[in-house]
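Each ligand, and each atom within it, is numbered from 1 in the order the structure gives.
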Amino acid sequence: MVGFLLTFIFPLVNSGLIYPTQVRLSWTEKEHQIRVSYRQVTSTESYIAYRPILCQDNPEWTYLLTDKTRIDVGCYGSRMQFLHSGVISNLTEECLYQYTVGQGLFWSDTYVFSGRTPEYTSLNDQKPAKFIIFGDWGAKVGHYTKYLLKQQARFRDFEGILHMGDIAYNLHTDEGLVGDLFLDMIQEFSAEFPYMTLPGNHEYHFNNASQYMDRFKMPWNEYNQGTSLYYSFDFGLTHFIMFNTEFYLRKHSGSEGQLQLEWLKKDLEKAKLRRKHKPWVVLLTHHPFYCNVDWTRSLHDRNTECGIDAPKLRGILEDLLNNYSVDLVFHGHLHNYERDAPVYKNTTVLSELDTPNLHLNPKAPIYITSGNAGNKLKRNDPVSTTLQDWCRAVSQDYGYGKLHIYNRTHVLWEQYSSEKLKRIDHLWIIKNI
Ligand SMILES: *[C@@H]1O[C@H](CO)[C@@H](O)[C@H](O)[C@H]1NC(C)=O
Ligand SMILES: *[C@@H]1O[C@H](CO)[C@@H](O)[C@H](O)[C@H]1NC(C)=O
Ligand SMILES: *[C@@H]1O[C@H](CO)[C@@H](O)[C@H](O)[C@H]1NC(C)=O
Ligand SMILES: *[C@@H]1O[C@H](CO)[C@@H](O)[C@H](O)[C@H]1NC(C)=O
Ligand SMILES: *[C@@H]1O[C@H](CO)[C@@H](O)[C@H](O)[C@H]1NC(C)=O
């Protein structure tokens, strides 16, 4: 009997064949909602069981039957699995919610999330909020970042995680096993905090992001049609835009880039009408618009991204971002950290007051690259080159950043080194509005 258990049952359980794995949360396109997604290998009916805690008497468990989609995460062979997904509605921000997913005897651990969600039509939430922001995170050396993030997660020290592309290295590698490994690795965060993504170049394996689109369910809009490739949401005092730069840097994207630009213009116009209540506008992409480039070295010597791609993206977007007074632009792609001053057309724009760690009433977007959450590829080197005039801080450490929106006037950005276990850079942005 023991032999039977060890030989047959244990591997089944352990490989996630029976228990749900890769549990993750994301916000949806509606207020007071959260989506729970997870993986199962079998097509069994499966449920999300949840209840509010710490906010009402005798909370009851509610059982929500999930929708399941059969997806193939293999590249050449076939590795079928089921993505289960369900949307919990009617959340209230006063509550925490406890939940578990599964069926019969086989349930996941119990996790907790907060009932505070984005706003799309209301304008009530004026409270402070914190977001973890980074790009380029995979398994293996990604464990540095996992360790530090775990300390912050213990205190629920942030509302959500924004991953700016290049996920897992790669979702499709080894017939999708690497993607599975990564989604298991992040579960302790993604099951308790919304894990919001956008695609990077590593998600475009077959010149389309099919694995990314299959695995991640981000807010729907009439332009993205549920592809998860770009979207926006208001949280607290901030309008967040998740933008896909891949459309402009790949050969076969065609009209998708144009469509996204149309969407962006409408989105910025809407944000403008809500600006009085949502004074901060933050755009996130995978590819940088500004990054330090050593003009003495050949453009192909790892300078292509900054010397060719960045000016191209600026040509498409910079005027728009400037016209709508976007406050901050974040990107990944380069495996390093770089913080730039407010800059427009490759020139530093002075604020009313500039110190090394503060801009008062900045007059152009501030550009920040935080693309080194950790992966096994080479680190980029912004350190040994001559820094551009607008470049304010650089580092090669593995790490990630935290954006702390205090109120209408004060925002603090902090970059952490996951290797040194400390904050290595910070910036106050102050607006007298
Ligand atoms: C949400 O609440 C409304 C009104 O309280 C109710 O009519 C509706 O059925 C609820 N929806 C869900 C999914 O619980
Ligand atoms: C993505 O590309 C692969 C390989 O070319 C193709 O089999 C698949 O149908 C494409 N998916 C989409 C959504 O276009
Ligand atoms: C930005 O604003 C200027 C001045 O109003 C206008 O000429 C230009 O067309 C605008 N550009 C974009 C891309 O919105
Ligand atoms: C940006 O400015 C630098 C000087 O600071 C110059 O060397 C470089 O050619 C400029 N790049 C572009 C794309 O205009
Ligand atoms: C906004 O937050 C900053 C930083 O905590 C604080 O110094 C400032 O007094 C706050 N402003 C208001 C109006 O609450």
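Remark: of the listed residues H331, E318, E338, Q388, E318 is the sole one forming a side chain to side chain donor-acceptor pair (under 3.5 Å) with Y290. A salt bridge (Lys or Arg N to Asp or Glu O under 4.0 Å) with E119 is found for exactly one of K278, K30, K127, namely K278.
In this structure, atom 5 (O) of ligand 5 lies nearest to the protein heavy atom Y406 CD2, 3.3 Å. Among all non-hydrogen protein atoms, the one lying nearest atom 6 (C) of ligand 5 is N407 ND2, 4.1 Å.
Short contacts between ligand 4 and Q388, defined as distances under 4.0 Å to a heavy atom of the residue, involve ligand atoms 3 (C), 5 (O). Contact atoms of ligand 4 toward N346: 1 (C), 2 (O), 3 (C), 8 (C), 10 (C), 11 (N), 12 (C), 14 (O) (distance under 4.0 Å to a heavy atom of the residue).
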request  = Show the numbers, then the answer: is there a ring-ring contact (aromatic ring centres under 6.0 Å, His included) between W27 and F235?
outcome  = CA-CA 10 Å; W27 286 311; F235 197 101; 4.9 Å; yes
key: Steps toward salt bridge (Lys or Arg N to Asp or Glu O under 4.0 Å) verdict (D214, R79)   = CA-CA 13 Å; D214 282 349; R79 275 194 70 237; over 6 Å; no
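Checked against the 6.0 Å centroid criterion, the rings of F189 and F193 do not qualify as a close aromatic pair. Ring centroids of Y400 and W137 are separated by 6.0 Å or more, keeping the two rings apart.
Only the side chain of R314 comes within 4.0 Å of ligand 4, judged by heavy-atom distances.
Protein heavy atoms are absent from the 4.0 Å sphere centred on atom 9 (O) of ligand 5. Contact annotation for atom 14 (O) of ligand 3: protein present (non-hydrogen atoms, distance under 4.0 Å).
Considering N322, L320, N323 only, the shortest heavy-atom separation from atom 2 (O) of ligand 3 involves N323.
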